[in-house]
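Notes follow once the structure below has been shown.
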Number of protein chains: 2
Amino acid sequence: MTASDHTGPVTLEQPAVETARETVADGIDRDALVTVFGRCTVEYDGRAASRLEAGDRHVMCKPDGTTLVHTDEGQQPVNWQPPGCSHEVYCEDDALFLESHRSTPEERLLVGFERVAQVSLFPISDSSDLTLVGTEEDLRQRILEDPGLLEPGFRPLATERDTPAGAIDIYGEDSVGRAVVVELKRRRVGPDAVSQLRRYVDALERDLHADASIRGILVAPSVTDRARGLLGEHDLEFVSLEPVGEG
Amino acid sequence: MTASDHTGPVTLEQPAVETARETVADGIDRDALVTVFGRCTVEYDGRAASRLEAGDRHVMCKPDGTTLVHTDEGQQPVNWQPPGCSHEVYCEDDALFLESHRSTPEERLLVGFERVAQVSLFPISDSSDLTLVGTEEDLRQRILEDPGLLEPGFRPLATERDTPAGAIDIYGEDSVGRAVVVELKRRRVGPDAVSQLRRYVDALERDLHADASIRGILVAPSVTDRARGLLGEHDLEFVSLEPVGEG
DNA sequence: GCGTTGATATCGAGG
DNA sequence: CCTCGATGTCAACGC
């Protein structure tokens, strides 16, 4: 390893299409992150089908098989292909084509550049992990470490307890020994979460052949009006709690 | 307007941080799409909180306020900020900082480059619209144009019919005049869709004070085993249909 | 592979 | 603004 290994990006501006093709092919071959900017059309066919007429876009091809087509607006790419695809690049009729394909499901993305304004290759290999705080897992830990946050006398007995309807976030007992199903959400909840909790409570009642009713408690920072109504209809309860303290 | 307005991308390689700052600031000011590649740390604080240690990443700032931080892997950015944020750029301790901020909710993304390998400005303004086929809306149109696809004698009466639980995709009557609630899904469905349909049927029964039971039909290409079981438990029906014909 | 659920989901429509 | 549901959701984890 020498200092020359720290090669920076390679950039071509306004390249001829054949030059662009060679450079992109080389980048893909060397597992570089490749970007192409220029005027292009985009076609997708697979889980759905779409077409985008000519316009200026920024295309990124990652060594893991991802392709992203970005315009000047929006967090989401206007078109894309997920990881695991194989990239191909070729010229035809004086245009540069980037094609990204996979099976299961069968889908294909084709980007055709009538004009290439820039091609860049970025040597990149990022091993750093993101540390994230404030997830549903944090909320679970918070309750397991201090079950009294749910209600005085609550005792957790299991997490991820499986039922025919799916896994229960926290299963436990209240101060008088009644079974409790706890469903956690890291943010404000709507009707879906109530239905989900109801499914778990129903499934557990069948599982346990319970004579006494099982309590269901939804834990989240807050709840919408419609969801609160559903909670009442289904005899479910709500406890307000955030994933991190002092939030 | 002259031909010189068709200025291509501006690219700097291995710029000094102050030069990079000026160029990025100029790009943001001129509503260009700005990319910065180099070794950086990333901090986020808002709906959750996260930190990413130093590594090589590709950062994109869009004129609509979006920021995206991409590594060599994954379709999703490792960190980001949604549209509507304000970009800021400054130097401190010989490092280049990109800061993206918004309120409601209060959140902030800070990218600190200890080394900038490339800065690019892309002049871009894309007006082209994506045409997409194979959506839930296509499935609805397909049934409305040929209600017999659902079952012989089905008559649609309304779409988006509102109930206290939300809007029903298609409301209609079967061949003997019974009310039918139709829930559409463009792809294979799990338990959630069954619960959703059950909510709608329940809400409509209350709304209509119906003595006769209301039928609920889930329309999708296919259904998981667990969802099929739930359909049976809840007296709901399933019809297999895809968003596009000959799919 | 499929099934299920979480996510800083994102996005758009509607009130 | 908030609420609600679709998405070519994506991604992780379990089976």
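Lettering of chains follows the sequences in order, A, B, ..., and the numbering in each one begins at 1.
Neither side chain, T224(B) nor R188(B), offers a donor N or O lying under 3.5 Å from an acceptor on the other. A donor and an acceptor atom, one from each side chain of Q81(A) and K62(A), are nowhere located under 3.5 Å apart.
Residue-level contact check: G46(A) touches neither bases nor backbone, having no heavy atom under 4.0 Å from any strand. Within 4.0 Å of P82(A), counting heavy atoms only, lies at least one base atom of the nucleic acid. E183(B) comes within 4.0 angstrom of sugar-phosphate atoms only, judged by non-hydrogen atoms across all strands, and of no base. Counting any heavy atom pair closer than 4.0 Å across all strands shown, A165(A) reaches sugar-phosphate atoms only and no base atom. As judged by a 4.0 angstrom heavy-atom cut-off over every strand, R140(A) is placed among residues making no nucleic acid contact. Across all strands, P83(B) comes closer than 4.0 Å only to sugar-phosphate atoms, never to a base (heavy-atom distances).
For the pair R186(B) and E136(B), the salt-bridge criterion is not met [side-chain N within less than 4.0 Å of a carboxylate O]. A salt bridge is absent between E106(A) and R47(A): the closest approach of a Lys/Arg side-chain nitrogen to an acidic carboxylate oxygen does not fall below 4.0 angstrom. In this structure, R51(B) does not pair ionically with D129(A), as no charged nitrogen and carboxylate oxygen lie closer than 4.0 Å.
Of the candidate nucleotides dT7(D), dT9(D), dC10(D), dT9(D) has the atom nearest to the side chain of R187(B). Out of dC11(C), dT9(D), dT4(C), the shortest distance to the side chain of W80(A) is found at dT9(D). The side chain of R188(B) sits closest to dG3(C) out of dC10(D), dG3(C), dC4(D).
Regarding contacts with the backbone of dT7(D), every side-chain N or O of R47(A) stays at 4.0 angstrom or more from both OP1 and OP2. OP1 or OP2 of dT10(C) has at least one side-chain nitrogen or oxygen of Q75(A) nearer than 4.0 Å. Side-chain N/O atoms of R186(A) include one lying less than 4.0 angstrom from OP1 or OP2 on dA9(C). Applying the 4.0 Å criterion to OP1 and OP2 of dC2(D), one finds that T224(A) has every side-chain N and O outside that range. Phosphate contact (OP1/OP2 of dT5(C), side-chain N/O of Y200(A), threshold under 4.0 Å): present. Checking the phosphate oxygens (OP1, OP2) of dT3(D), no side-chain nitrogen or oxygen of R226(A) falls inside 4.0 Å. Remark: Q196(B) is not in phosphate contact with dC4(D), judged by side-chain N or O atoms under 4.0 Å from OP1 or OP2.
Atom CZ in R199(A) sits about 9 Å away from atom P in dT4(C), given to the nearest Å. Note: CG (D192(B)) to P (dG5(D)) measures 12 Å, nearest angstrom. Summarising the geometry, the separation between NZ on K185(A) and P on dT5(C) is reported as 8 Å, rounded to the nearest angstrom. Per the geometry, CD belonging to Q81(B) stands 12 Å off P belonging to dC11(C), to the nearest Å. The CG-P distance, from L130(B) to dT9(D), rounds to 14 Å in whole Å. Nucleotide dT7(D) holds its C1' atom 12 Å from the CD atom of Q76(B), rounded to whole Å. With rounding to whole Å, I168(B) atom CD1 is found 17 Å from dA6(D) atom C1'. If you measure from atom CD of E136(A) to atom P of dT4(C), you get 17 Å, rounded to the nearest angstrom.
Along DNA chain C, the nucleotide nearest T104(A) and the nucleotide nearest T135(A) are compared for position; the residue whose nucleotide lies closer to the 5' end is T104(A). Comparing A48(B) and A227(B), the nucleotide of DNA chain C nearest to each residue sits closer to the 5' end for A227(B). In this structure, A167(B) and G74(B) both approach DNA chain D, and ranking their closest nucleotides by distance from the 5' end singles out A167(B).
Annotation: H70(A) is not in aromatic contact with H58(B) [ring centroid separation under 6.0 Å not met].
A gap of 14 Å separates the C1' atoms of dT7(D) and dA7(C), to the nearest Å.
Panel note: side chain R155(B), backbone D174(B); no donor-acceptor pair is recorded below 3.5 Å.
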